[in-house]
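The structure appears right after this line, and notes come after that.
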Amino acid sequence: MNRDRLKNRVDVQQLVDQHLDRIHRAALVLSGNPWDAEDLVQETFLLAARKIDGFRGDSAPYTWLYGILLNVERRHRRRHGTWRRKLDTLYQRYDPRSQSVPSADRAVQVAEWKEGLWSQVARLPDAQRQTLVLRFSEGLQYEEIAQVLSVPLGTVKSRIHHGLSRLRQQLQADGEASVLPSEFIEDLNYAV
Amino acid sequence: MRSDRADELEAGLRRDAARLAARYPAQTPRPIPRHVDRPRSFHSVRPLVLASATLLIIIAARWLPSGNESDVPVQRTLADASDQTIAIADGPNDFAEAATSLAPADHGAVGTAFAPADASQWESPVFLLEVSDPELEALLDLWETDRTEPTRLSI
């Protein structure tokens with residue numbers, strides 16, 4: 001085993017040890033359930049392990065990992081959405097009776113997520129959604145978010161502003177009483 | 001009032017994220033491969049495939065009619081590439097012509113399969129191949145696929 005490979009072994013393990021919790025939290029908020037979150041985390045670190053040679057250290061490792069995670073999640077989301085649309089079309093076309101039966105592929109989300117604000121954030125456009133996750137779930141600074149998303153600082157501020165505005169509109173339209181944090185359901189039923 | 005509502009919303013987002021993370025703590029991920037060997041995918045054998053294909057094409061060119069039989073050399077460039085160019089000529093004698101007709105600004109370090117003598121002045125070599133149309137399409141498809149990553153096609 002050569003020295004570079006040995007060095008990478010250490011680096012990959014360090015990445016996992018140091019950043020697992022934060023990457024997992026972001027994945028959880030993005031996906032809405034712990035099972036998908038684990039898959040996202042796993043894929044993120046696998047990709048990181050493969051691409052670690054290309055990481056030049058210009059940014060903090062966690063911003064690099066967030067970038068990978070967001071790409072992985074976007075790909076998952078797109079794939080899932082396409083598959084679900086195809087299934088829905090098939091159900092509608094060939095078996096109208098099954099419309100009352102949820103698709104087997106329908107996403108499963110935990111109650112905490114569904115009843116919280118992040119399920120509302122999930123309805124926002126990708127750019128706003130990811131920016132809000134990095135800012136309010138992960139607590140990144142504007143500059144760090146700009147690095148992760150490779151966009152100018154002004155764009156980050158604009159996405160946060162418009163994202164929050166749109167989120168507020170959604171909450172009002174859906175009836176904020178059920179989702180506003182002040183009235184968040186305290187006695188949560190953890191059953192999925 | 002508006003600011004209060006914004007603060008409340010932001011605080012709610014932070015609180016919901018913290019609740020989720022507390023309820024579902026991170027599990028130790030399944031073992032991450034302890035080395036960075038790539039799986040035996042096309043990407044890992046791509047350089048070998050391209051080198052072999054290029055060699056075969058160059059060898060096959062010796063058996064094909066020379067480019068002198070054609071009055072108009074066929075040359076194509078991939079215009080949508082920002083800094084990379086693939087030039088294609090359909091005969092050995094057209095390589096020089098194809099090369100000189102490319103502006104230096106178009107040159108890209110895509111790789112070096114064949115570089116004519118007059119290309120030595122370029123800052124980076126241009127990728128010249130002698131291929132037929134189906135081969136060209138396959139090559140461009142290959143390269144387009146590769147463009148999903150900011151890596152350079154190299155041989």
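None of the values given here were measured: they were computed from a predicted structure. Numbers restart at 1 for each chain; the letters A, B, ... are given by sequence-line order, proteins then strands.
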Distance, nearest 0.5 Å, that separates [atom1] of [X] from [atom2] of [Y]:
{"X": "B:Arg14", "Y": "A:Arg135", "atom1": "CZ", "atom2": "CZ", "result": "6.0 Å"}
{"X": "A:Leu117", "Y": "B:Asp16", "atom1": "CG", "atom2": "CG", "result": "4.5 Å"}
{"X": "B:Leu20", "Y": "A:Trp113", "atom1": "CG", "atom2": "CH2", "result": "9.5 Å"}

Closest non-hydrogen atoms of A:Pro34 and B:Tyr24, given as atom of the first, atom of the second and distance, are CG-CD2, 3.6 Å

So, for A:Leu164 and B:Leu9, which heavy atoms are closest and what is the spacing to 0.1 Å?
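Heavy atoms only, the tightest pair is O-CD2, 3.8 Å.
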
Hits for ring pair (Phe, Tyr, Trp, His ring centres under 6.0 Å) against A:Tyr142, two or more places apart or cross-chain, chain-then-number order -> none

List in chain and number order the residues that pass side chain to side chain donor-acceptor pair (under 3.5 Å) with A:Arg75, two or more places apart in sequence or in another chain; answer none if no residue qualifies.
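Expected list: A:Glu43.
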
Who wins among A:Val29, A:Leu28, A:Val121 for the most heavy-atom pairs under 4.5 Å with chain B?
A:Leu28

